[in-house]
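Here is the structure we will look at.
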Number of protein chains: 2
Amino acid sequence: MTPEAGRDRNAPVPRSADVARLAGVSRKTVSRVLNDEPYVSDEARRRVLAAADELGYRLNHAARALASGRTRSLGVVALGTAGYGTASLLVHIEHAVRDSGYALRVINTPDGAPEGIADALGSLLEQGVDGVIVSEPFVKGQVPLRVDVPVLFLGAPPSFTGSRTLTASLGTRELARAATEHLLELGHETVHHLAGPRKWYVTKDRIEGWRDALAARGAHEPPLLNGDWSAESGYAAGRALASDASVTAVFAAGDEMAIGLVHALREAGRRVPEDISVVGFDGQPVFAYVSPPLTTVRQPFEAAAREGVRVLVHAVEHPDAEPASAGEPPVELVVRGSSAPPPPGRRRSPLRTT
Amino acid sequence: MTPEAGRDRNAPVPRSADVARLAGVSRKTVSRVLNDEPYVSDEARRRVLAAADELGYRLNHAARALASGRTRSLGVVALGTAGYGTASLLVHIEHAVRDSGYALRVINTPDGAPEGIADALGSLLEQGVDGVIVSEPFVKGQVPLRVDVPVLFLGAPPSFTGSRTLTASLGTRELARAATEHLLELGHETVHHLAGPRKWYVTKDRIEGWRDALAARGAHEPPLLNGDWSAESGYAAGRALASDASVTAVFAAGDEMAIGLVHALREAGRRVPEDISVVGFDGQPVFAYVSPPLTTVRQPFEAAAREGVRVLVHAVEHPDAEPASAGEPPVELVVRGSSAPPPPGRRRSPLRTT
DNA sequence: TTGAAAGCGCTAACAG
DNA sequence: CTGTTAGCGCTTTCAA
């Protein structure tokens with residue numbers, strides 16, 4: 001039991017007026033100190049701080065928001081059902097937001113479609129936020145909503161006709177290209193792609209990165225395979241693929257799908273990586289400890305969250321300035337044991353390499 | 001571009017007074033309609049709703065909070081660094097909170113120690129919340145803070161001397177017991193336990209569940225192994241364990257640690273499950289697709305979150321009533337391929353079974 | 001069933 | 001450098 005915990009149960013919660021009285025200054029001076037405004041004498045500042053501390057004073061944010069028109073909160077619209085990726089991103093966003101001195105309001109829309117995003121945004125705006133982050137929205141349609149605060153789209157172009165939209169990249173396309181190039185450089189004739197759900201924007205980006213790499217090498221583009229991020233869907237794709245002897249390399253749009261894929265392949269008697277190479281997407285540390293350890297690309301969640309929040313906060317605090325632009329996050333390929341050169345008979349001729 | 005999106009950029013944001021004027025009623029009547037209070041004629045209600053809709057009116061939560069003293073928000077203090085478990089729990093909490101008609105404020109404390117929790121709680125209180133959920137706090141110490149709102153501790157007893165603390169179980173101890181019993185029933189002499197970091201409360205619970213099961217069978221209790229939830233730490237524990245021929249069964253306190261453990265064991269030439277059985281803890285779907293598929297127990301995140309939020313909301317809305325008590329979440333064992341009877345020479349005599 | 005008046009606790013604008 | 005005055009947009013009395 002600490003001193004504070006033992007404080008009189010029925011003592012009224014202290015107000016800024018109580019602090020002012022105890023410090024012997026006006027309420028406005030208390031306000032100045034608490035907001036780090038200039039033109040306060042060191043002596044006054046010291047006394048206010050001491051009084052606030054003694055009283056256990058805590059500022060009322062609702063009152064501040066009402067009076068100032070600013071909430072010092074940011075909102076995030078997240079895609080809650082998905083796995084590792086969205087969860088990691090959310091954790092890093094929270095961290096970056098807090099480091100910037102803002103509070104965070106979160107709404108998940110398992111349904112990332114425009115209406116779902118519109119609902120979530122509306123509710124965030126109502127609750128009061130100075131800016132919004134829309135994390136990995138889906139690809140289609142425009143959000144039917146008028147919004148006055150800056151909105152950052154993370155990992156997608158604005159799906160939105162607001163005047164203050166911003167974007168920050170997750171580096172998705174470059175990562176997908178790097179994953180595909182890795183397989184091509186190993187000597188594979190071409191690379192299959194197991195894509196995520198088409199309605200996710202990042203799915204489109206990964207497909208394009210894969211196509212970029214294929215096109216740059218003049219490799220033939222095989223038909224797309226479809227999954228839903230789950231290992232189970234990767235397993236299903238793997239069963240379909242196992243009977244096709246021409247397949248020697250697959251780039252899966254998520255680590256878990258890659259794991260399911262490998263499992264199905266091995267069950268069907270195809271060896272990984274000797275017969276078929278598999279590369280994932282995410283960089284989940286645990287998959288360094290399965291057999292074979294999964295080759296993958298690491299998503300730069302921390303860097304992307306930090307950059308995005310920086311840009312958003314800048315827009316919130318400097319409404320009239322030119323929006324800052326977010327830096328490109330790093331591309332990191334993690335080569336482990338699930339990728340190797342193709343079997344001898346199916347090796348690509350070095351001469352055909354561009 | 002929708003009609004609303006195209007609305008005059010410079011139109012002032014509508015207030016409840018605007019709605020009142022358009023509907024031809026008083027502001028108070030607007031307030032009554034918006035708060036679903038009784039004593040409003042159907043006619044008045046209809047007109048208010050129509051006016052609000054036409055104006056695109058959105059209630060200002062800061063003003064409401066200031067006037068009413070209630071925010072209709074709940075806060076959650078989460079342990080942000082950890083993996084699947086904390087992230088899933090957070091998603092389910094968000095869902096349950098939103099279903100209850102509350103907004104959510106989130107703060108992560110990578111450091112779940114009492115001071116970290118105290119900081120997080122303080123900041124939540126300042127931002128304005130009607131109740132707080134502390135998700136899986138650490139075990140030691142009391143939080144030095146006076147709090148007037150109800151606080152729910154999820155998966156731990158209150159580390160806290162407030163008058164309005166509540167708890168809801170994650171069923172951890174029962175799950176750990178079930179995992180251990182499963183191995184014992186398979187015929188193992190005893191079961192080793194790879195525990196999480198000691199400062200986590202759930203670690204303590206898992207250890208106790210494991211001890212319960214061992215004691216109930218009169219099995220000898222081997223020394224604890226320590227990990228940090230990561231696959232890497234499981235791998236390290238596995239290397240240490242591999243040389244001990246007496247080990248035939250291990251219960252790991254997390255799926256990822258279990259995966260690392262299995263990897264190390266196999267590298268050292270011990271077969272899983274033929275020589276050593278391994279059971280995890282979490283129930284991550286992806287580990288059904290590794291070799292061998294991981295036997296585990298499923299954490300009831302959804303049920304626990306729902307129950308916890310129900311109890312908390314009850315306490316918020318009925319401050320004087322007896323607190324509701326949270327139901328016990330279900331125990332679910334998921335038997336897959338990583339557990340089997342011990343090798344013939346080391347089988348437990350059926351007669352020694354209690 | 002409805003309305004008028006009086007704040008909630010803070011900050012903005014201005015004056016000293 | 002400091003204080004005074006007037007709201008912010010809503011809900012709470014309490015009276016009609």
Side-chain angles (χ1 to χ4, degrees), chain A residues 11-49 51-52 55-73 103 125-130 148-149 317 319, chain B residues 11-49 51-52 55-73 103 125-130 148 317:
Chain A
V13 178
R15 309 296 171 203
S16 76
D18 302 318
V19 176
R21 199 172 310 119
L22 183 60
V25 299
S26 74
R27 279 162 63 210
K28 178 60 212 182
T29 297
V30 173
S31 168
R32 276 196 263 261
V33 171
L34 265 23
N35 289 291
D36 267 324
E37 284 172 29
Y39 306 123
V40 183
S41 67
D42 289 350
E43 169 60 11
R45 180 179 310 274
R46 208 189 43 67
R47 291 224 310 274
V48 167
L49 260 14
L55 260 22
Y57 170 72
R58 215 172 274 144
L59 194 150
N60 179 326
H61 277 230
R64 165 192 273 183
L66 184 57
S68 71
R70 286 194 43 203
T71 64
R72 295 185 159 278
S73 300
L125 258 22
E126 192 165 285
Q127 288 162 38
V129 289
D130 295 340
D148 295 310
V149 303
E317 298 182 349
Chain B
V13 178
R15 307 298 172 203
S16 76
D18 301 318
V19 176
R21 199 172 310 119
L22 184 59
V25 300
S26 73
R27 279 161 62 210
K28 176 62 215 184
T29 297
V30 172
S31 167
R32 276 196 262 260
V33 171
L34 265 23
N35 289 293
D36 267 323
E37 285 172 27
Y39 305 124
V40 182
S41 66
D42 288 350
E43 169 60 12
R45 181 179 308 275
R46 209 189 40 66
R47 292 224 309 275
V48 166
L49 259 15
L55 260 22
Y57 171 72
R58 213 172 274 146
L59 193 150
N60 179 325
H61 277 230
R64 165 191 275 184
L66 183 56
S68 70
R70 285 193 46 202
T71 63
R72 297 187 158 276
S73 300
L125 257 23
E126 191 164 287
Q127 288 162 38
V129 289
D130 295 339
D148 296 308
E317 296 181 350

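The basis for the numbers below is simple: all heavy atoms, side chains too, and nothing from hydrogens, waters or symmetry mates. The chains referred to below are lettered A, B, ... by the order of the sequence lines, with proteins before strands, and numbering in each begins at 1.
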**Message:** Check this one for me: any side-chain N or O of A/Ser41 less than 4.0 Å away from OP1 or OP2 of D/dT2?
**Reply:** yes

**Prompt:** Is B/Asn35 near enough to D/dT11 that one of its side-chain N or O atoms lies under 4.0 angstrom from OP1 or OP2?
**Reply:** yes

**Prompt:** Which whole-number value in Å describes the distance from B/Tyr39 OH to D/dC14 C1'?
**Reply:** 15 Å

**Asked** Side chains of B/Lys28 and B/Glu37: does their closest heavy-atom pair fall under 4.5 Å?
**Response** yes

**Contact under 4.0 Å: A/Ser16 side-chain N or O vs C/dC10 OP1/OP2** = yes

**Item:** Side-chain donor or acceptor of B/Arg47 paired with backbone N/O of B/Ala23 under 3.5 Å
**Value:** yes

**Message:** Using the side-chain heavy atoms of B/Thr29, tell me which of these nucleotides is nearest: C/dA12, C/dC8, C/dT2.
**Reply:** C/dT2

**Request:** Please report, rounded to the nearest Å, how far the P atom of D/dA15 is from the NZ atom of B/Lys28.
**Result:** 16 Å

**Prompt:** How far does CZ of A/Arg27 sit from CZ of A/Arg21, to the nearest 0.5 angstrom?
**Reply:** 10.0 Å

**Asked** Roughly how many Å is it from NE2 in B/His61 to C1' in D/dC8, rounded to a whole number?
**Response** 16 Å

**Fill in**
Heavy-atom nearest nucleotide on DNA chain C taken for B/Leu66 and for B/Pro38; more 5' hit belongs to B/Pro38

**Request:** Take atom CZ of B/Arg47 and atom C1' of C/dT1, then tell me their distance rounded to the nearest Å.
**Result:** 13 Å

**Asked** Among C/dT11, C/dT2, D/dG9, which is the nearest nucleotide to the side chain of B/Arg15?
**Response** D/dG9

**Asked** From C/dA12, D/dC10, D/dT4, pick the nucleotide closest to the side chain of A/Ser26?
**Response** D/dT4

**Asked** Among A/Thr29, A/Asn35, A/Leu34, which residue meets the side chain to side chain contact (heavy atoms under 4.5 Å, CB included) test with A/Ser31?
**Response** A/Asn35

**Prompt:** Looking at B/Ser31, does any N or O in its side chain come under 4.0 Å of the phosphate oxygens OP1/OP2 on D/dC10?
**Reply:** no

**Residue pair B/Leu66 / A/Leu66: nearest heavy atoms and the distance that separates them** = CD2-CD2, 3.3 Å

**Asked** Could you state the CD-C1' distance from B/Glu43 to C/dT2, rounded to the nearest angstrom?
**Response** 14 Å

**Message:** From C-beta outward on A/Val25, which listed nucleotide comes closest to its side chain: D/dG9, D/dG3, C/dT11?
**Reply:** D/dG3

**Asked** Can you tell me how far C1' of D/dC1 sits from CZ of A/Arg27, to the nearest Å?
**Response** 19 Å

**Message:** Please classify the nucleic acid contact of A/Ala62 as base, sugar-phosphate, or nothing, using heavy-atom distances under 4.0 Å.
**Reply:** nothing

**Prompt:** Which whole-number value in Å describes the distance from A/Arg21 CZ to D/dT2 P?
**Reply:** 19 Å

**Euclidean distance, atom CZ of residue B/Arg32 to atom P of C/dT2 [Å, nearest integer]** = 8 Å

